[in-house]
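Data block below; observations after.
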Amino acid sequence: MHLSGRRATRGLLHARDGAADSETPVYVAAEIERHFMQSRDLIRRAIWSAIYLLFILAPLFALLAGTLPPARNFGTEFSVALGYSGLAIMGLQFGLTARFRHVTEPWGEDVIYHFHRRVSLLAVGLVIVHPLILVAIRSESVAMPESLSEVPWGAWFAVLSIGSLIVLVITALWRKQLKIRYEIWHLSHIVLALTAIGAGMLHMIGWGFYLTDPFKRALWICVAIFWICLLLYVRLFKPLFMLRRPYRISEVRTERGDTTTLVMLPDGHAGWRFKPGQFGWLTVWGGPFRVTGHPFSFSSSAEAPDGRVEMTIRNLGDFTSTVNKIPVGKRVYLDGPYGAFTIGNPTDMHVLIAGGIGITPMMSMIRTLADRGDKRPLVLIYGAKTWDSLTFREELDTLKTRLDLRIAYVLANPPDGWEGDTGRIDAELFRRHLPPEYADHEYFICGPDTMMDAIESALGEMKVPLSRYHSERYSFV
Ligand SMILES: Cc1cc2nc3c(=O)[nH]c(=O)nc-3n(C[C@H](O)[C@H](O)[C@H](O)COP(=O)(O)OP(=O)(O)OC[C@H]3O[C@@H](n4cnc5c(N)ncnc54)[C@H](O)[C@@H]3O)c2cc1C
């Protein structure tokens, strides 16, 4: 079964360039490379997961070392353990969002942010359950004081920490419904997280049951300093690095579909290399220290000369509506490259599925392969509202002559006389455009969430293994 799929793919490849079966070793080599990359990613994931667990559990176990205070009842000890764990998990959130490229690479940035959201809820749950258990079991450690003035200061910090956490969770989960501007939310998110963790630490020190031992107290203070260093790394060190390596806008190009391409050249340095499909954080207005960077995929070829990078941006909100007004020559700051949404060397058929502005990473892949003279078979399935909103349409038609590329445009509102595909991208459409075995192709998906969900379930229906599809979600923040 597997073989027939390979033959179908190869058939398409060879029909175009007349290659013979003697090319088979190329496929074997590519297959070996794929397995090598998968195993390498698995090992990296295992190592980083182990380090993550170590950072969460080590401070907790350190509390149990050395001299211990007299034991209390199980409920009290259990609830305290939950509180410490919750705080340790929360502190490490700064690490998850610190954009450490080597850590995030095996998963992709969107998966890390998804994990950040989920694990934050767990941490907040643990921290909130901690006092609830103490109250429920009427632990002597929460004995009700006669008046507010008798409440120990450590307890006030607990209230501040939990209060900040509740506001943080509500604003994170319902930011859009509460109509909070992204920039305001982002700043308040950092302030609330710092308050929650700082107050949590002071609560621990104030209560001091396990931290009477100076060694343990010093250890937890070191842990807190480490968390703060993680934050400083993103908010101070990285911006300083960007400040020393700015870019300049060399062209502002209007594209189809209310979209603008910014062409940027490194200013006074060689720039960096990215892989096609990756993205960067762009800061245009204000310096790199402001928390206003926006993520955009690179749309240019990874082989472009002079360290040039391009981002193609659709007008969808307050920042993106200003992009076509950016003057040529303006200094901007780029943080990147990030993301695991990228093509490797395997020569299997690559199926690129783009919805709307999700075409940008695909364009980078297509342009890069054209510049490399790479003739692997490509199918681009590109969904848009109208014929006129198909960004890069003309260039794609030109690129077809340099690549083994077939394109299927799928329009929601087709013009009169349109004979191409309409409606949704689904399993039926794949069967019309792709040769079986479907499980042998590599799928790259980027577009609106609803479209990506539908495509991922269509691929599942077609028995395409998870390892064969790669996606980039623009809604991860
Ligand atoms: C990995 C990735 C790659 C992307 N690539 C592209 C691309 O190539 N082309 C393109 O047009 N769009 C891309 N986007 C989407 C783009 O980042 C948002 O459309 C843009 O940030 C919206 O900003 P705004 O102020 O104009 O819109 P707003 O109306 O203010 O915000 C709309 C939504 O965009 C998100 N957003 C806003 N500001 C930020 C910010 N500073 N950081 C992160 N998210 C924010 C929020 O979820 C917000 O609710 C990408 C997004 C991601 C995550």
Side-chain angles (χ1 to χ4, degrees), residues 97 99 101 104-105 107-114 116-117 171-190 234-235 239 252-264 274-286 288-300 309-326 332-342 352 354-367 384 389 391-392 444-449 452 470-477:
T97 52
R99 302 186 200 158
R101 201 167 307 136
T104 58
E105 212 174 48
W107 288 276
E109 215 78 16
D110 49 351
V111 174
I112 295 291
Y113 272 81
H114 188 72
H116 162 65
R117 273 197 297 268
T171 50
L173 290 181
W174 294 288
R175 167 174 62 88
K176 288 188 181 158
Q177 290 83 339
L178 292 168
K179 298 200 181 355
I180 305 174
R181 272 192 58 202
Y182 180 85
E183 288 77 7
I184 294 175
W185 168 80
H186 193 184
L187 200 62
S188 67
H189 195 68
I190 297 171
V234 194
R235 298 289 154 212
V252 179
R253 206 165 50 225
T254 303
E255 308 276 6
R256 288 186 173 281
D258 202 7
T259 298
T260 305
T261 292
L262 297 177
V263 183
M264 293 163 274
F274 64 91
K275 294 180 194 153
Q278 287 190 301
F279 70 95
W281 295 81
L282 171 70
T283 305
V284 175
W285 314 112
F289 295 96
R290 296 185 62 180
V291 288
T292 49
H294 289 256
F296 296 106
S297 302
F298 303 112
S299 55
S300 47
V309 287
E310 294 182 11
M311 287 175 163
T312 301
I313 300 172
R314 182 150 294 174
N315 175 2
L316 290 173
D318 39 356
F319 168 71
T320 47
S321 64
T322 64
V323 167
N324 58 0
K325 299 180 195 85
I326 298 174
V332 296
Y333 300 94
L334 280 180
D335 179 20
Y338 294 105
F341 185 68
T342 180
L352 314 179
I357 197 61
I359 187 65
T360 53
M362 315 302 181
M363 199 59 194
S364 178
M365 295 176 189
I366 293 171
R367 283 170 164 161
S389 67
T391 312
F392 303 125
F444 294 83
I445 317 157
C446 185
D449 274 353
M452 293 183 67
H470 319 266
S471 49
E472 184 76 281
R473 292 199 179 243
Y474 282 1
S475 57
F476 73 66
V477 269

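These numbers come from a predicted model, not from an experiment. Quick note: residue numbers are just sequence positions, from 1. As the structure lists them, so they are numbered: ligands from 1, and atoms in each ligand from 1. Quick note: numbers below take in every heavy atom, side chains included, and nothing from hydrogens, waters or symmetry partners.
- At a heavy-atom distance under 4.0 Å, no atom of Y338 approaches ligand 1.
- Residues forming a side chain to side chain contact (heavy atoms under 4.5 Å, CB included) with H470 (at least two apart in sequence, or on another chain): F341, E442, F444.
- Residue E472 has no N or O atom closer than 3.5 Å to an N or O atom of ligand 1.
- Remark: R367 qualifies as a cation-pi partner of F392 under the 6.0 Å distance and 45° angle criteria applied to the six-membered ring.
- Ranking protein heavy atoms by distance to atom 29 (O) of ligand 1, first place goes to G317 CA, 3.4 Å.
- Ligand 1 has a nitrogen or oxygen under 3.5 angstrom from a nitrogen or oxygen of H294.
- At distances below 3.5 Å, at least one donor-acceptor pair connects side-chain atoms of S364 with backbone N or O atoms of S300.
- With Y338 as the aromatic partner, R101 meets the cation-pi criteria of under 6.0 angstrom to the ring centre and within 45 degrees of the ring axis.
- Of all atoms in ligand 1, listed by their number and element, those nearer than 4.0 Å to a heavy atom of G293 are 40 (C), 41 (N), 42 (N).
- Annotation for ligand 1: atoms under 4.0 Å from non-hydrogen atoms of T360 are 7 (C), 8 (O).
- For the residue pair I326 and V252, the shortest heavy atom distance occurs at O-CG2, 3.3 Å.
- Only the side chain of K176 comes within 4.0 Å of ligand 1, judged by heavy-atom distances.
- Residue contacts with ligand 1: M311 is excluded, as none of its non-hydrogen atoms falls under 4.0 Å.
- On a distance-only criterion, P295 and ligand 1 share at least one N/O pair closer than 3.5 Å.
- Using a 4.0 Å cutoff on heavy atoms, F341 does not count as a contact of ligand 1.
- Between the side chains of E255 and T391, not a single donor N or O lies within less than 3.5 Å of an accepting N or O.
- Heavy atoms from both the backbone and the side chain of Y474 come within less than 4.0 Å of ligand 1.
- Proximity to I357 (heavy-atom distance under 4.0 Å) selects the following atoms of ligand 1: 9 (N), 10 (C), 11 (O).
- Side-chain contact check for C446 versus Y474: some heavy-atom pair is nearer than 4.5 Å.
- The ring-ring contact (aromatic ring centres under 6.0 Å, His included) check on W185 picks up Y182, H189, with sequence neighbours excluded.
- The nearest non-hydrogen atom to atom 37 (C) of ligand 1, considering only Y182, Y113, F296, comes from Y182.
- Using a 3.5 Å distance cut-off with no hydrogens or angles, the side chains of Q278 and T342 do not pair a donor with an acceptor.
- For atom 48 (C) of ligand 1, the protein comes within 4.0 Å by at least one heavy atom.
- Closer than 4.0 Å to atom 32 (C) of ligand 1 lies none of the heavy atoms of the protein.
- Residue R175 places a heavy atom under 4.0 Å from ligand 1.
- Each of the atoms 42 (N), 43 (C) of ligand 1 lies under 4.0 Å from some heavy atom of W281.
- Between the side chain of R314 and the main chain of G257, a donor-acceptor pair closer than 3.5 Å is present.
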